[in-house]
Amino acid sequence: MAATARSLLDRLIQHAVGPKRTSPAATSASTIIRHLDSGDLRKAIATLSSSASPFPDNVYASLLHLCSSRRSLVDVRRVESHLVAFSPSSSPSIFLLNRTIVTYARCGSPADARELFDEMPTRDGGTWNAMISAYALSDCPNEAVSLFSRMNSAGIRPKDVTLASVLGCCADLLASFLARQIHCLILKYGYLPNVILDTSVVDVYGKCLEMNDARKMFDLILHPNEISWNVIVRRYLEAGSAGEAMLMFFQMIREGVKPLSFTVSNTLKACSKVLALKEGNQIHAYLLKTGFEGDNVVGCSLMDVYAKCGVVDDARQLFDQLPCKDVVSWTSMISGYVACGRVDEAEKIFEEMPERNVISWNALLAGYIRFFCWDKASDFFCRMWRETGKLDLVSLGLQLNACAGISDLDRGKQIHGFAYRHNWESDKFFRNQLVDMYAKCGNLRNAEISFSIMADQRDTVSWNSLISGYIRYGRSEETLVALSEMQRETIPNEFTFTTILAACANIFMLDVGKQIHAFMVRNGFQLNAIVRGALVDMYSKCRLIEYAIKIFEEESTRDLILWNTIILGCAYNGRGEQSLDLFEEMKKEVAADNVTFIGVLLACVSQGYVDLGRRYFDSMSNEYGIIPRIEHYECMIELLGKYGWMVELEDFIQRLPFEPTIPMWIRIFDCCREHGNIRLGERAAKFINESNPLTPVQFEIIPRAGHHMPCSSG
DNA sequence: ATAGGGTTAG
C-alpha cells in the first residue's frame, strides 16, 4: 500500500534528521481530532496510518473511543499497531493499552483483547482490571472469574469497578459461593461503605436467589440510592416474592426516595403477578401526584395490572389518556384485551394501530391460540408473513401450537424445517413446543427424537409433553416407566400428575392413582379444577364413585369439563338419578355441550328413563343448538333397544340422517332378538352379513321362558 | 442497563 510505504519512508527520514520544530505529527494530530469531532472514523484512521510518528495519548484515546462506539474491530487493530509500532520509548503507555483491551471487547473480540494482554511486557493493576472487564463484557464469566483468581494470587489489588464486574460474572454463573468470597474481599480491602459496590452485592445474592442474604446486605446500606431500591425490588420480583417487592416499594416511598420508572414498572409487574388490584390503584394514585402520567414504561405496566385483574376498561381509559402512544403501548392494549378474553377488541386495536412490529403481530396471534381459534391463527400467521416478511421464533412456536391443535403434522414439519434453516431450533421453548406438536399429532417417534436432541435443556415441560403423548395414543402402560426416568432428571409437577392420573383412569391403575393423590395432598399441591377433573375421572373409572363425588364437591370453580366428568362418572357407575340432578344444577352455572348430553343420555339408559331420554335428545337441537353426534345416536339406540321400545327404535333408525354403523346394527340385531322385532332384526342381519360375509349371522328371536310381552308403549 | 409477545394437564 502506498500509504504504508510512505509512512515507512517518513519514519526513516525522521530518524535520520530528527524531529523538526513544527513536526508533521502535530498537524496530523489536529487533523485526526477534526475528523473524530465530525465523526469520520475512516478519515481519522487514514490520517493516523499515513503518519509514522507517535501521537499524544489523548489522540489515541479519542480514536479508541470512536472505534468502540462504531464497533469497528479492524480499526482498533490499526490503532493498536500504530501505537505499538511508533511509540517513542518502544513501550507504549500502559494506560492506552489497557483502554485498547476494553475496546477490543466492546468491538466483540475478547480474543484480540487476550492476545494483547498476554503480549504486554509490563502490566499494572489496571491491565488486569481491563482484561477482567473485557471478559465480563464479552459474556465470558468463567474466564473473567479465573483471571480474577490469578490476579488475586498474584497479590494485585483489584479496583472497585473490577470487583463489581466480577460480582456480575458470579451472578451469570449463579455462583453464590464465589460471590460470598468476593464479598469478603471487598470487606477486606475496606471498600465499604460504597453504594455502588453494596448494591452490586445485593444484586448478586438476589440473582443467585439467596434473598435472605440480599436483604441483609440491603438493610446494611446506609443511604440506599434509587438504583439500590430498584435492585431489591427487581430481585424480589424475579425470585417470585411479589409481595416483598411491593412492600419494599412502599417503604421506598415512605423514605422519600423518588423511584425510577423501572422500579415503578417492576413493582406493577409484581402487582399483576398476584392480581393485587388495590395496591395497583394506590400506586396509580401516587403516580398521578408525582407526575408520571406521560411515562409510557409505567403506563404500560399499569395497563397490564388492570387487564390481568379483569378491569380491562380501566386499562383502556389509561391507554386513551396516554399523551404519546408508541408501538409498545398499542401492543400492551392488545395483550390486555387478550388477557381478558376479548379477542375481537384486540383485533380492533390491531387494525387501528399506526405501526406494528413482530411483537404486536405475535400478541394477537397468541390471543387466537389461547382461545383455540386455530384456523384463524393459521390465516393470521400467513398474513403476517405475506405483509411483513418477518417472523420470529415466538411466531413459529405459536404456529406450532396451532398445528398441534388441529393435528396438522405436515404444516408442523414445515415450521420445524423453517426454524432449522434459520438456526432457531436450539431454543428451549421452541423445542418443547416441537415435542408437544409431534406428540399431539401422534408422531411419537419424532417427538422422541426432538426430545432426545434437547438432552441438556430438558425440563419438566418437555417430559410432560412426551408423557401426555404416550397416553393420548394408547400407551398408558409406558407412563410409569417414563415417570421414574423423569424423576432421575427433573421434578414432576401438577401437570405431570394430572397426566399420570389420566393414564390410571385409562387402564384402571387405582393404586397408583391413589398414591399420586396422596402424594399431592402430602406435599401441599393445590388441587385446581383441572387436577380435580383428573382425580374425579380416575376414581369414577376405577369405580370409587364416592371419592369422585367428594373431590368434585370440594371444588368451587367448576367448569364445563369438570361438570361433564362427574355427570359421566355417575352415569357410568349406575347413578343415573344423581347424574340428572347434577345436570340440572350445572345448567345454572355453565352451558352444556355435546359431551354433557352423552352423560345425560347414559344416565337415562342406566335408570331406564326412556321417555325422558327421548325428550333430552330432542332438546339438544331444539333448545341447546347442539347437533347430535354418532355417540348420541348410539345412546338412543341403546336406550330404545335395551328397554324394548321396538316401534320407536325402528322409527328412530328410519329417521337417522346417516346409514347406521356396523356396531349400531349389531346392537340393533341383539335387541331385536331379545325383544322380538323380526323386520328390523332381519334388516340388521343383512347389513352385518354384507359387511362380514365370512361369519354370517342368522336372525332368530330368543325364546322366552314365560309369555312373550311387547314392552312398547307411546 | 430499559416496557410489549411464547411451553406442559382433566
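Order of the sequence lines sets the chain letters (A, B, ...), proteins ahead of strands, with each chain counted from 1.
Taking the side chain to side chain contact (heavy atoms under 4.5 Å, CB included) definition, one finds that A:E489 meets it with A:R458, A:W463, sequence neighbours left out. The side chain to side chain donor-acceptor pair (under 3.5 Å) search around A:D320 returns A:R316, not counting sequence neighbours. In this structure, A:S484 has no side chain to side chain contact (heavy atoms under 4.5 Å, CB included) partners at least two apart in sequence or on a different chain. Under the side chain to side chain contact (heavy atoms under 4.5 Å, CB included) criterion, A:T290 pairs with A:Y286, A:F292, sequence neighbours left out.
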**Complete:** Quick tally for nucleotides 3-10 of chain B: nucleotides whose base has a protein heavy atom under 4.0 Å get B, sugar-phosphate-only ones S, the rest -, giving BBBBBBBB

Atom pairs and distances, donor-acceptor, side-chain atoms in residues 493-501 of chain A, under 3.5 Å, two or more places apart:
unit_1	atom_1	unit_2	atom_2	d
A:N493	OD1	A:N464	ND2	3.1
A:N493	OD1	A:F495	N	3.1
A:N493	OD1	A:T496	N	3.1
A:N493	OD1	A:T496	OG1	3.0
A:T496	OG1	A:N464	OD1	2.7
A:T496	OG1	A:N493	N	2.9
A:T496	OG1	A:N493	O	3.3
A:T498	OG1	A:E494	O	2.5
A:T499	OG1	A:F495	O	2.8

